[in-house]
Amino acid sequence: MKLDLVVRELHRAEKALARDLLKTSDRHHAEHEVHHVARDLAAWSAEHVREIARAGQAFDLDLDEHVPGPGPLEPLRTALADLTGRRPEPGVLLLADLRRLHRRAAGVSLDWELLAQGAQAARHGDLLELASRSHPQTLRQLKWTNAMLKVPSPQILTS
């Protein structure tokens, strides 16, 4: 069985998604919906990381349950976001960040799907239950990034 490979990759991808959500939240502090919702979505991914790490123990994987916070640059990103406000350049940066988040969430969604399929084939009920519980949240993250791309993009791209 190669489920351990999927568990390891899913762990890495969820961790990266959580970090990217936190960075985007800090970078776009002036965009209140982006700032607050991205933090909430990062908390979902952080919980997924913890659950995947625990599930990995069944495969003798030593996966870290901790997702690093925004890091030492967070105050600088927040200050820059406040200074630049809603100028056109930050709008283009917002679109780029949302595109990156959307692609990252799509990859995580695919990994959850692979894990669910593998767990079902291997009759690994715990992994299947974890995927069934967590994947819908990832799909909601994906829908949010898609919606957030659609809302400001006409104005940003035509200004």
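Position 1 is the first residue of the sequence, and the numbers go up from there.
Other residues sharing the hydrophobic cluster of Val67, ordered by chain and number and joined by side-chain separations under 4.5 Å: Val49.
Legend: residues meeting salt bridge (charged side-chain N to carboxylate O under 4.0 Å, His left out) with Arg19, ordered by chain and number and at least two apart, are absent. In this view, His124 and Phe59 satisfy the ring-ring contact (aromatic ring centres under 6.0 Å, His included) rule, not counting sequence neighbours. In this view, Glu129 and Arg133 satisfy the salt bridge (charged side-chain N to carboxylate O under 4.0 Å, His left out) rule, not counting sequence neighbours. When the side-chain hydrogen bond (donor to acceptor under 3.5 Å, both in side chains) test is applied to Gln120, no partner is found at least two apart in sequence or on another chain. Contacts of Ser45 classified as side-chain hydrogen bond (donor to acceptor under 3.5 Å, both in side chains), with partners at least two apart in sequence or in another chain: Glu14, Gln141. By the side-chain hydrogen bond (donor to acceptor under 3.5 Å, both in side chains) test, Glu33 pairs with no residue at all, sequence neighbours left out. Residues satisfying the side chain to side chain contact (heavy atoms under 4.5 Å, CB included) criterion with Ser153, sequence neighbours excluded, are Leu95, Leu157. A search for salt bridge (charged side-chain N to carboxylate O under 4.0 Å, His left out) contacts involving Asp111 returns nothing, not counting sequence neighbours. Every residue two or more places apart in sequence or in another chain was checked for a side-chain hydrogen bond (donor to acceptor under 3.5 Å, both in side chains) with Ser134, and none qualifies.
A single hydrophobic cluster is seen to contain both Leu3 and Leu130, as judged by linkage of ILVMFWY side chains at heavy-atom distances under 4.5 Å, directly or through other members. Under the 4.5 Å side-chain heavy-atom criterion for grouping Ile, Leu, Val, Met, Phe, Trp and Tyr, Leu101 is connected to Trp44 within one hydrophobic cluster. Taken together through direct or relayed side-chain contacts under 4.5 Å among Ile, Leu, Val, Met, Phe, Trp and Tyr, Met148 and Val92 form part of one hydrophobic cluster.
To the nearest 0.5 Å, atoms CG (Leu139) and CD (Glu113) are separated by 8.0 Å. Taken from CD1 in Ile156 to CG in Leu93, the straight-line distance is 10.0 Å, to the nearest 0.5 Å. Leu142 contributes atom CG, which lies 7.0 Å from atom CG of Asn146 (distance to the nearest 0.5 angstrom). Note that the CG atom of Asp97 and the CZ atom of Arg27 stand 4.5 Å from one another [nearest 0.5 Å].
Under a 3.5 Å cut-off, the side chain of Thr24 and the backbone N or O of Asp20 do form a donor-acceptor pair. Of the possible donor and acceptor atoms, one in the side chain of His135 sits under 3.5 Å from a partner among the backbone N and O of Ser109.
In terms of heavy-atom proximity, Ser25 sits nearest to Ala38 at CB-CB, 3.9 Å. Nearest approach of Gly56 to Leu63, heavy atoms of both residues: CA-CD1, 4.4 Å. The two residues Leu128 and Ala116 make their nearest non-hydrogen contact at CD1-O, 3.6 Å. Nearest approach of Trp144 to Val34, heavy atoms of both residues: CZ2-CA, 4.0 Å.
Put simply, the side chain of Arg99 reaches to within 4.5 Å of the side chain of Arg103, judged on heavy atoms. Counting heavy atoms from C-beta outward, Arg39 and Leu22 have side chains that approach closer than 4.5 Å.
Listed by first and then second residue, the salt bridge (Lys or Arg N to Asp or Glu O under 4.0 Å) pairs involving residues 138-159 amount to none (not counting sequence neighbours). Residue pairs satisfying the side-chain hydrogen bond (donor to acceptor under 3.5 Å, both in side chains) criterion with at least one member in residues 57-66, sequence neighbours excluded, are listed as follows: Lys15-Asp64, Arg54-Glu65.
Salt bridge absent: Lys23 and Asp26 never bring a charged side-chain N and a carboxylate O closer than 4.0 Å.
Residue Arg8 qualifies as open at atom CZ: its count of foreign heavy atoms under 6.0 Å is 12 or below.
Only one option out of Leu10, Ile52, Leu110 pairs with Leu115 in a side chain to side chain contact (heavy atoms under 4.5 Å, CB included); it is Leu10.
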